[in-house]
2 protein chains.
Amino acid sequence: MPLSPSPTARGEQAKAQLIAAGLELFSEKGAQTATTREIARLAGQNIAAIFYYFGSKEGLYLAVAQWIADFIQQANQPLMVEVDALLAHSPADPEQCRAYIIKSLMSFTELLTNKETLNLSKILSREQLMPTEAYQLIHRQTIAPLHQRFTRLVAGYTGCDPSATATILHTHALLGEMLSFRMARETILLRTGWDDMGPPQVTLIKQILAQHIDWVLNGLRADRARVQANHHE
Amino acid sequence: MPLSPSPTARGEQAKAQLIAAGLELFSEKGAQTATTREIARLAGQNIAAIFYYFGSKEGLYLAVAQWIADFIQQANQPLMVEVDALLAHSPADPEQCRAYIIKSLMSFTELLTNKETLNLSKILSREQLMPTEAYQLIHRQTIAPLHQRFTRLVAGYTGCDPSATATILHTHALLGEMLSFRMARETILLRTGWDDMGPPQVTLIKQILAQHIDWVLNGLRADRARVQANHHE
DNA sequence: GTCTATAGTCGGATAGAC
DNA sequence: GTCTATCCGACTATAGAC
């Protein structure tokens, strides 16, 4: 056993540091504007290492995207396992669906307002503007499964068809309330006069989102009941 | 009178064409990635014209930002004049506030899903990620006044304090539902299977947003009435 | 595997002819 | 006012020493 880390371990560490630096700079400046020089410097690695380990700047960008997908996946897995167990029974218990809708959205909000995920969500925002291969990768592996489960929970509580476009849109609109606090972050900071989004601000945002969820879900459920009553008369 | 346009008119036309080309390419590729050469080519102008008329690439970018501010201002002015007339009376009529909330949000949605404003909103999205002087300019001139009026309408219907942070957040969350259809455009396209957001899609989105507005506003109003009842008991 | 040196390209900006 | 030619810096990527 050598005293210094094995070559493989050193390589793995170099890759990890380049991915971390890439996440930082790609999110801050965008994939085209961030330079390999600066990434290498921040990672404490040589410029040539990027090309040795990832083939190209774009290769590093895709590795960063995969890291993001893994991170989101891992952060939501415990909750999603419970949701899957609930949704395995059909029809799922409406009150439990409602509880998990709130729990999931609060968890997403916590994750999205966390400082450590700011760079991650900046890359996702950029990918919405200029979708590349990276968005497909992240969408397929994480966004779509999360979005789909959330839609099925909404359907489970309200009685809507989980595959209907309207149900998807209702769900997306609800998620949009949460997203707007990250994607229109600058607007909300200027309007409220906050200089940052810390724990007290997030607490307030979560309270407001929880109220909106209730109002929209109950509205949707009542509407659904009304439609079915009309259908049976 | 010369047959050819006067020098001033030619200069104005050159500036307008450079701004149009800048809007197109800055939105598509971002301020750093878009090149002066390509902008000049698309505008049918010489590269040197950018520096002659705007001093620098950044000068052109700020001129594009001012064009966007003017566009948003002009597009909303007729409605905002009516809203100002309504809000001049204190307290404003709640039912009229409600009508204008829906009217405004439908108008914003129409504007935001319009193909001609796609590039405009891409620049705004980018400015949320990497705020520059341009965002301050647009925010102060247009976003803040619109956001503030919308907040006052919500306050007018629900009885909330228009300057309370909670009211601003409730309003922002509601606007966020609409924004998410533009800012998370790629997600919604992949989830619904739409290949575009055309008139039929926008109609469906507007229906759904109108329902959510009703549910949230009535929830907020009932909540406010409950709080006041507790206060008086 | 890791680094230095450098090739090759393209960017913003300018000087100076017309 | 308008255009061409060009400077100069910075970028990605690679060749080749170690």
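As the structure is a prediction and not an experimental result, all values here were calculated from the model.
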For this session: Please report how far the helix from C:dG1-D:dC18 to C:dC18-D:dG1 bends, comparing the axis fitted to its first five pairs with the axis fitted to its last five, to the nearest 10 degrees.
Result: 10°
Which whole-number value in Å describes the distance from [X] [atom1] to [N] [atom2]?
X: A:K15; N: C:dT2; atom1: NZ; atom2: P; value: 11 Å
X: A:L60; N: D:dC11; atom1: CG; atom2: C1'; value: 16 Å
X: A:E12; N: C:dG1; atom1: CD; atom2: P; value: 9 Å
X: B:F54; N: C:dT14; atom1: CZ; atom2: C1'; value: 18 Å
X: A:Q45; N: C:dT2; atom1: CD; atom2: C1'; value: 10 Å
X: A:I50; N: C:dC3; atom1: CD1; atom2: C1'; value: 14 Å
X: A:L18; N: C:dC3; atom1: CG; atom2: P; value: 11 Å
X: B:Y53; N: D:dG1; atom1: OH; atom2: C1'; value: 6 Å

Seminar exercise, completed: Assert: residue with more 5' nearest nucleotide on DNA chain C, out of A:I47 and A:Y52, is A:Y52
Problem set entry | salt bridge (charged side-chain N to carboxylate O under 4.0 Å, His left out) against A:E82, all qualifying residues, sequence neighbours excluded | A:K103
From the set [options], return the single nucleotide nearest to any side-chain atom of [X].
X: A:K57; options: C:dT4, D:dA13, D:dT4; value: D:dA13
X: A:A48; options: D:dA13, C:dT4, C:dT14; value: C:dT4
X: A:F51; options: C:dT2, D:dT12, C:dT14; value: D:dT12

Problem set entry | Residues in contact with DNA chain D, drawn from residues 31-44 of chain A - heavy-atom cutoff 4.0 Å | A:A34, A:T35, A:T36, A:R37
For this session: Please name all residues satisfying side chain to side chain contact (heavy atoms under 4.5 Å, CB included) with B:F54, sequence neighbours left out, ordered by chain then number.
Result: B:K15, B:L18, B:I19, B:L60, B:A63
For this session: Name all residues meeting the side chain to side chain contact (heavy atoms under 4.5 Å, CB included) criterion together with A:E24; count only those two or more places apart in sequence or in a different chain, and write none if there are none.
Result: A:E28, A:L42, A:N119
Exercise. Ignoring hydrogens and geometry, is there a side-chain-to-backbone donor-acceptor pair from A:T151 to A:P162 under 3.5 Å?
Worked result: no
Exercise. Should the ring pair B:F71 and B:W67 be called parallel, tilted or perpendicular, given that the plane angle runs from 0 to 90° and is split at 30 and 60?
Worked result: parallel
Exercise. What orientation do A:F108 and A:F150 show, parallel under 30°, tilted 30 to 60°, or perpendicular over 60°?
Worked result: tilted
For this session: For the residue pair B:L120 and B:S27, establish whether any side-chain heavy-atom pair is separated by less than 4.5 Å.
Result: no
Exercise. What pairs with B:Y52 under ring-ring contact (aromatic ring centres under 6.0 Å, His included), at least two apart in sequence or on another chain?
Worked result: none
Exercise. Has B:R152 got more than 12 heavy atoms of other residues, nucleotides or ligands less than 6.0 Å from its CZ?
Worked result: no
